[in-house]
Every structure is written in structure tokens, then in C-alpha cells.
Number of protein chains: 2
Amino acid sequence: MKHLPHKTIERLSQYRRALLICASKGKTHIFSHEIAKIQHITPVQVRRDIMLIGYTGTLRKGYNVQELIDLIGDILDTHEGLNVAVVGIGNLGHAMINYFNGKRTKLSIVAAFDSNPDKVDRIFSGVKCHHIDQLPEIVKNEKISIGIITVPAGSAPEVSEKLVNAGVKGILNYTPKPVNVPKHIYLEEYDMITSLEKVAFFVKTHGE
Amino acid sequence: MKHLPHKTIERLSQYRRALLICASKGKTHIFSHEIAKIQHITPVQVRRDIMLIGYTGTLRKGYNVQELIDLIGDILDTHEGLNVAVVGIGNLGHAMINYFNGKRTKLSIVAAFDSNPDKVDRIFSGVKCHHIDQLPEIVKNEKISIGIITVPAGSAPEVSEKLVNAGVKGILNYTPKPVNVPKHIYLEEYDMITSLEKVAFFVKTHGE
DNA sequence: CATACGTTGTTAAATAATTAACAAAAAATT
DNA sequence: AATTTTTTGTTAATTATTTAACAACGTATG
């Protein structure tokens with residue numbers, strides 16, 4: 001197992017979540033076509049992904065749910081876990097915190113940052129919000145390695161730079177403004193406006 | 001110009017936003033490498049995308065900003081515009097409304113839905129929230145063709161079904177729970193947990 | 001016991017997306 | 001006026017991802 005495709009990584013994360021639900025219902029084995037159905041993809045793709053991570057099911061019984069969960073964990077998780085910070089406690093930042101709060105053991109949002117004095121020192125869904133000027137210090141002390149940017153677009157580049165200088169290794173930018181980071185920082189950008197415009201385009205061209 | 005690649009559609013949306021900013025600064029022409037720099041992609045990709053939409057720049061002067069904006073508009077927008085509804089006014093739903101409010105002329109969020117009585121009949125950033133039971137009626141009356149799902153994961157399938165039955169043509173699902181829609185409905189799903197786990201994976205394997 | 005069936009694992013083919021290569025031509029420079 | 005530079009447009013090559021094809025084989029069935 002050398003280089004897992006990016007798309008496979010994404011699907012593994014999704015398989016795991018589906019599998020956790022299955023496990024909680026007492027299901028011990030699952031077929032590729034069952035996983036496929038849940039994720040609405042093809043069974044072949046599921047089998048191929050599972051092949052790539054070197055797991056092997058039992059013929060005619062499918063995959064052992066718990067074993068697969070554990071193996072995906074070995075691949076995706078770090079043993080000690082990773083700490084995450086959210087920068088920008090607007091609605092989106094707050095939504096991110098809610099999403100994760102207490103759900104993952106291996107990824108924890110341990111700090112939030114904002115420049116608005118009304119938000120600083122308040123606690124949002126269990127996560128304390130600090131002033132953004134404290135970012136370098138707290139990122140270092142708390143060993144934060146991933147930053148999520150949910151500030152207004154205009155401030156994204158400056159926040160990104162702060163995060164990089166503070167030593168994070170990965171950035172998730174939810175701002176429509178692309179940011180520049182050094183090559184050694186992993187950057188994932190997601191732009192809600194683009195997504196909606198894409199849906200609109202395909203709605204428009206539907207059936208043409 | 002027959003089939004534009006999905007990825008090109010996404011980039012066109014992004015180019016346009018960058019171009020609008022340029023235009024507002026009074027810039028009349030732009031080079032492929034300038035666009036590329038903003039989006040941090042390669043100039044070749046920009047030129048190729050622009051070629052695919054059949055536009056042609058002027059040698060050594062680059063592309064006419066306004067013409068390109070207009071042409072991208074012709075491709076992405078519908079003449080009459082499209083109406084959008086947000087289902088689920090938690091932090092994420094609220095964030096979506098804020099993002100779009102008044103910014104796009106061709107895509108308007110015209111209604112919000114929630115089942116929580118505390119939210120029903122209130123106005124969120126200019127968008128009125130209705131009870132989810134009114135969805136079929138309002139979607140029809142307001143000619144809503146796109147639904148954005150921002151409810152808690154568990155309710156996603158049921159909301160999705162409601163939207164489809166009400167007649168929307170496209171769905172944007174921000175829930176980690178995959179939903180099933182008929183083939184003729186365009187579905188885009190985005191899962192924040194997966195994104196973060198993906199970043200975590202690449203942070204983990206960085207340099208291995 | 002033999003045959004049919006269902007399901008995995010894997011290789012090969014097809015499709016999609018990116019990147020490279022380079023000709024063409026206008027502007028700038030010598 | 002010739003040469004160099006810059007930048008577009010396009011085709012070709014490469015890389016990434018998905019899909020198809022099918023052998024292998026255990027289980028069920030007759």
C-alpha cells in the first residue's frame with residue numbers, strides 16, 4: 001500500500017462512518033454492494049478501495065465490520081490524535097465546532113479564535129474563543145496542527161499566514177478567497193458559492 | 001462547446017469572482033498567468049478552460065475582463081435566475097444565507113425552512129423561515145429549483161425526499177449522511193468531516 | 001457429488017483531468 | 001529590418017480515477 005488516491009482517502013472516511021453505524025446496530029459483516037448502496041457508488045469501487053488498503057473479506061460473507069473500521073482507523077488516524085483550531089467564530093465557524101464536538105476522538109477542536117471582543121473569552125460549544133493575537137502562542141502550546149479558516153473572505157490570506165507562521169501543517173479554507181501556503185503545508189479549499197453555482201449550472205443544462 | 005468538464009465549471013465560477021474583483025479595480029485586461037496566480041493553478045489550465053468555452057483573448061494583451069465575465073455569465077447563469085431554498089436554520093444554514101444574501105443576482109435564496117417553532121416565521125438575514133410542512137407549497141409558488149440541506153444528519157433523507165417531491169431540480173447536501181435522489185435530480189454532496197479527516201491524513205503522511 | 005450461484009480480488013480497459021510541448025503572432029528591442 | 005520576447009491557442013502526452021471483465025472459490029442446492 002504505497003500511494004492511496006485522494007479520492008480513496010475521502011471514501012474511506014465515509015465508509016468508516018457508515019460502518020460505525022452498522023456496528024452500532026450489531027451488524028458484524030457487510031457486503032461491498034451494501035456499502036456501495038449507502039454511499040451511492042458502485043460495489044466495484046468499494047472493493048477496489050478495500051483492496052488498495054490491503055484488507056481482505058471472506059468470500060460470500062463480506063467484510064468484517066469491526067476489522068474494517070479498525071483498519072481504516074490505522075490508515076486515517078494518528079495514534080496520538082491531532083489538535084485543530086477554528087479561526088472565525090461566525091455562523092460557519094460555530095457550525096464546524098458543533099459538528100465535531102465530542103464526536104471524533106482522534107481529531108479535537110481545542111481552540112477557537114476571533115478578533116471581535118464580544119466573542120473573545122466566551123465558550124462556544126465547549127471550545128474557548130481567544131483573541132486572534134494569541135494564535136501563535138496557543139497554537140504552539142496546544143500543539144495544534146490543523147487550522148480551519150471561517151473568517152470573512154477578506155481576512156483569509158492574513159489568517160492563513162498567521163496559521164502557517166504559527167506552525168500548523170494543514171489548513172482547511174472555507175473562504176471563497178484562495179490563499180497561498182508553502183508547499184509543505186497541506187491545503188484544502190472549499191467554496192460554497194462555487195458549489196451552488198455548479199448545481200445551478202447542471203440544473204440549467206439538465207436534459208440539454 | 002459541447003461538454004464542459006465538471007472541474008472546468010467549478011473553475012469558471014471562481015474565475016468569474018476573481019474577474020469581478022479585477023473589474024471593480026478598473027482593470028480591463030488580464031493574462032492567463034495572472035488568473036492562475038490568484039487561483040493558484042497553472043496558466044495552461046486557465047487557457048485551456050477559456051479555450052473550452054470558446055473565448056479568445058488578444059495576443060500579448062490577455063483577456064478582456066468584462067467580456068470574459070459576461071461570457072462566463074452566459075454559461076453559468078440562467079437568464080431569469082434560479083431560486084434557492086435552505087432547509088435547516090442552524091449555524092450552517094444561517095451561514096449559507098449570509099454568504100449569498102444580496103451578492104448574486106442570478107441565484108437568490110428566497111426561502112428558509114425549519115421545524116423548530118422558535119425559528120418559524122422569523123427572518124434570518126432577510127430570508128423568511130417557514131415551517132417545513134409548508135415546503136411543498138412554497139417551493140411550488142416561489143418556483144424554487146434548488147434546495148440546500150443543512151439539517152442534522154438524521155433528517156437529511158426525509159428532507160431530501162420532500163424537496164424532490166416538491167419539484168426541485170438540484171440538491172446541495174451539507175449533511176454527512178448521503179441521500180438518494182432520482183437520476184434526473186442533480187445532487188452535490190459535501191461532507192465537512194471527510195474534508196477534515198482528509199487534511200488530517202495528509203498532515204499525518206506528510207513527508208513519509 | 002456435481003452444478004449453480006454469489007461474492008471477492010485483481011487485472012485490464014475506458015474515461016476524465018492535468019500537464020507538457022510548441023507553433024503562431026503581435027509587440028518590444030536591437 | 002531582423003531578432004527576441006511574450007503570450008495565446010491547440011494538440012499530444014501523461015496522470016488520475018472509474019468502470020468493466022473475469023477468474024477463483026466457498027456455499028448452497030439438487
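Quick note: numbers below take in every heavy atom, side chains included, and nothing from hydrogens, waters or symmetry partners. Quick note on labels: first sequence line is chain A, next is B, and so on, each numbered from 1.
- The distance between atom CD1 of A:Ile30 and atom C1' of C:dT8, rounded to the nearest whole Å, is 15 Å.
- One interatomic measurement links the two molecules: NZ of B:Lys61 to P of D:dT5, which rounds to 23 Å at whole-angstrom precision.
- With C:dC22, D:dT17, C:dG9 as the choices, the nucleotide that has an atom nearest any side-chain atom of B:Arg47 turns out to be C:dC22.
- B:Thr8 comes within 4.0 angstrom of nothing in the nucleic acid, heavy atoms only.
- The aromatic rings of B:Tyr186 and B:His6 lie tilted to each other, with the angle between the two planes from 30° to 60°.
- For D:dT7, the OP1/OP2 oxygens have no side-chain nitrogen or oxygen of B:Ser32 closer than 4.0 Å.
- Rounded to whole Å, atom C1' of C:dT10 lies 16 Å from atom CD1 of A:Ile53.
- With A:His40 contributing its side chain and B:Val179 its backbone, the two residues share a donor-acceptor pair below 3.5 Å.
- When the nucleotides D:dG9, D:dC25, D:dT8 are ranked by their closest atom to the side chain of A:Leu59, D:dC25 comes out on top.
- For B:Val44, taking side-chain heavy atoms from C-beta onward, the closest of the listed nucleotides C:dA21, C:dA12, C:dT7 is C:dA21.
- The backbone N or O of A:Phe201 sits less than 3.5 Å from a side-chain atom of A:Thr205, completing a donor-acceptor pair.
- By the 4.5 Å heavy-atom criterion applied to side chains, B:Ile185 and A:His206 are not counted as neighbours.
- A:Arg60 contributes a side-chain N or O that forms a donor-acceptor pair with the base of C:dC5 under 3.5 Å.
- A residue-by-residue look at B:Met51 and A:Gln45 shows that B:Met51 has its nearest nucleotide of DNA chain D further toward the 5' end.
- In this structure, the side chains of B:Leu12 and B:Thr8 come closer than 4.5 Å at one or more pairs of heavy atoms.
- Between A:Ile35 atom CD1 and C:dT8 atom C1' there is a gap of 12 Å when expressed in whole angstrom units.
- Atom CD of B:Glu10 is separated from atom C1' of C:dA17 by 12 Å (rounded to the nearest Å).
- Between B:His6 atom NE2 and C:dT15 atom P the separation is 15 Å, expressed in whole Å.
- Atom pair B:Leu52:CG and C:dA17:C1' shows a separation of 11 Å (rounding to whole Å applied).
- Residue-to-nucleotide contacts include a donor-acceptor pair under 3.5 Å from the side chain of A:Arg48 to the base of D:dT19.
- Distance CZ (B:Phe31) to P (D:dT8): 7 Å, rounded to an integer number of Å.
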